[in-house]
Amino acid sequence: MDKKTIKILNQLNIDFYKKTQEYFNTSRQFNWSGWKKLLVYLQGPSLQVLDVGCGNGRFGEFLVNNHKKIDYTGIDNNQYLLDVAREKLPKAKLIKQDILKPIKLKCKFDLIVLFGVLHHVPGKETRLQLIKDLSKLLNRDGLLVFTNWHFNKFKRFNSYVVPFSKVGLKKEAIEDGDYILDWKKGVKAFRYCHLMSKDELEWIKKKLKMKLVDEYIADAKSGQGNKYVVLRNHAPRA
């Protein structure tokens, strides 16, 4: 995918969340069932955590309630949601940033998560590069966890799919698995979403050269909402 198309789609999603931020806050107050399955891998008395696309901080709140001690850093491009996260996590480090720009942090982390994020990142190579860059921020034996949203398994989302011409793009500019979804909830808003194929997922895992710890499907009432991938860093010791 070319840089111009990536920029257009990324801005489309930034604008989408500005228009729908209050809804996403009120409707995102619950824990994902898949998070509970991660707890067995979160050992030690304390954790350095980086939550990329943290939204209103609900995963950080989940960790506070389920782990002895965390040092939490959250990154998101929506100030409204970050302000809500601040109310929940007053001691957290919260950063407003477009995650497609370089994430410059000096500290290392025991856990880095991307929940509900990768499907909004335009371009196969862009998604891979983001994960690669984040993996460099891991401590040795640190975990990187990302999800792939299975929106195609829900009838209502299939009915929201609209042509790319709705956002001024031609079909030739996009990649396999890319979609534009209408909002249909009071305001006019479109979002870009990518449905990651099995082949792309295997390609990412191969390129990362990290140890696969676990893969599982969880979330939503059906239990089919997201595919989780749990990877461990085995970089050589300095």
Side-chain angles (χ1 to χ4, degrees), residues 10-39 41-121 130 134 137-139 142-147 149 151 181 183 185-187 189 191-193 218-221 225-226 228:
N10 188 46
Q11 188 61 51
L12 181 74
N13 282 346
I14 291 173
D15 294 341
F16 170 83
Y17 279 99
K18 284 183 179 178
K19 292 176 181 178
T20 62
Q21 58 193 15
E22 293 185 14
Y23 170 86
F24 271 89
N25 175 48
T26 56
S27 65
R28 268 61 176 177
Q29 297 294 330
F30 57 90
N31 298 330
W32 289 4
S33 62
W35 296 350
K36 294 180 181 179
K37 294 185 178 183
L38 288 177
L39 292 175
Y41 303 116
L42 306 182
Q43 305 300 320
S46 63
L47 285 174
Q48 294 278 345
V49 180
L50 175 61
D51 188 351
V52 180
C54 66
N56 63 7
R58 58 182 169 152
F59 179 65
E61 188 176 33
F62 167 81
L63 289 179
V64 168
N65 293 332
N66 287 276
H67 198 276
K68 293 180 181 179
K69 183 180 179 182
I70 66 166
D71 188 348
Y72 178 87
T73 300
I75 298 177
D76 204 278
N77 60 31
N78 186 284
Q79 189 60 55
Y80 176 87
L81 295 176
L82 286 172
D83 290 342
V84 175
R86 173 63 64 201
E87 295 176 5
K88 297 179 179 180
L89 303 163
K91 296 182 180 180
K93 181 178 182 181
L94 300 174
I95 302 168
K96 184 178 186 296
Q97 183 185 323
D98 180 349
I99 65 168
L100 295 197
K101 295 181 179 179
I103 298 174
K104 298 179 180 179
L105 295 171
K106 294 182 180 179
C107 55
K108 297 283 187 176
F109 299 91
D110 304 306
L111 174 66
I112 298 176
V113 300
L114 301 97
F115 296 141
V117 173
L118 282 184
H119 65 270
H120 282 327
V121 177
L130 173 60
L134 290 172
L137 297 175
L138 283 171
N139 285 320
L143 294 176
L144 189 149
V145 186
F146 64 84
T147 58
W149 183 31
F151 57 88
L181 301 184
W183 178 237
K185 289 186 176 75
V187 296
R191 55 178 157 168
Y192 160 80
C193 293
D219 304 333
K221 292 180 180 179
N226 288 299
Y228 284 73

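Keep in mind that what you see is a predicted model, and the values were worked out from it rather than measured.
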So which atom in [X] and which in [Y] form the shortest heavy-atom distance, rounded to 0.1 Å?
X: Ala218; Y: Gly34; answer: CB-CA, 3.7 Å
X: Trp149; Y: Cys193; answer: CZ3-SG, 3.8 Å
X: Leu111; Y: Leu42; answer: CD2-CD2, 3.9 Å
X: Gln43; Y: His67; answer: O-NE2, 4.3 Å
X: Phe16; Y: Ala189; answer: CD1-CB, 3.6 Å

Quick check: do [X] and [Y] have side-chain heavy atoms less than 4.5 Å from each other?
X: Trp35; Y: Tyr228; result: yes
X: Trp183; Y: Arg191; result: yes
X: Val121; Y: Asn10; result: no
X: Leu38; Y: Trp32; result: no
X: Ile103; Y: Gln97; result: yes

With sequence neighbours left out, what residues match [X] under side chain to side chain donor-acceptor pair (under 3.5 Å)?
X: Asp71; value: Gln48
X: Tyr80; value: none
X: Asn77; value: none
X: His120; value: Asn13, Tyr17

[X] side chain to [Y] main-chain N or O, any donor-acceptor pair under 3.5 Å?
X: Thr147; Y: Asn226; result: no
X: Asn78; Y: Leu81; result: yes
X: Asp76; Y: Gly55; result: yes

Rounded to the nearest 0.5 Å, what separates atom CG in Leu105 from atom CD1 in Ile95?
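Leu105 CG to Ile95 CD1: 4.5 Å, rounded to 0.5 Å.
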
Distance in Å, Leu47 CG paired with Lys69 NZ, rounded so as to fall on 0.5 Å steps:
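Spacing of CG (Leu47) from NZ (Lys69) equals 11.0 Å.
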
Taking only residues two or more places apart in sequence or in another chain, which ones pass side chain to side chain contact (heavy atoms under 4.5 Å, CB included) with Asp15?
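Residues passing side chain to side chain contact (heavy atoms under 4.5 Å, CB included) with Asp15: Gln11.
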
Residues that Lys96 engages under side chain to side chain contact (heavy atoms under 4.5 Å, CB included), provided they are two or more places apart
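Counting only residues at least two positions away or on another chain, Lys96 forms a side chain to side chain contact (heavy atoms under 4.5 Å, CB included) with Gln79, Leu82.
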
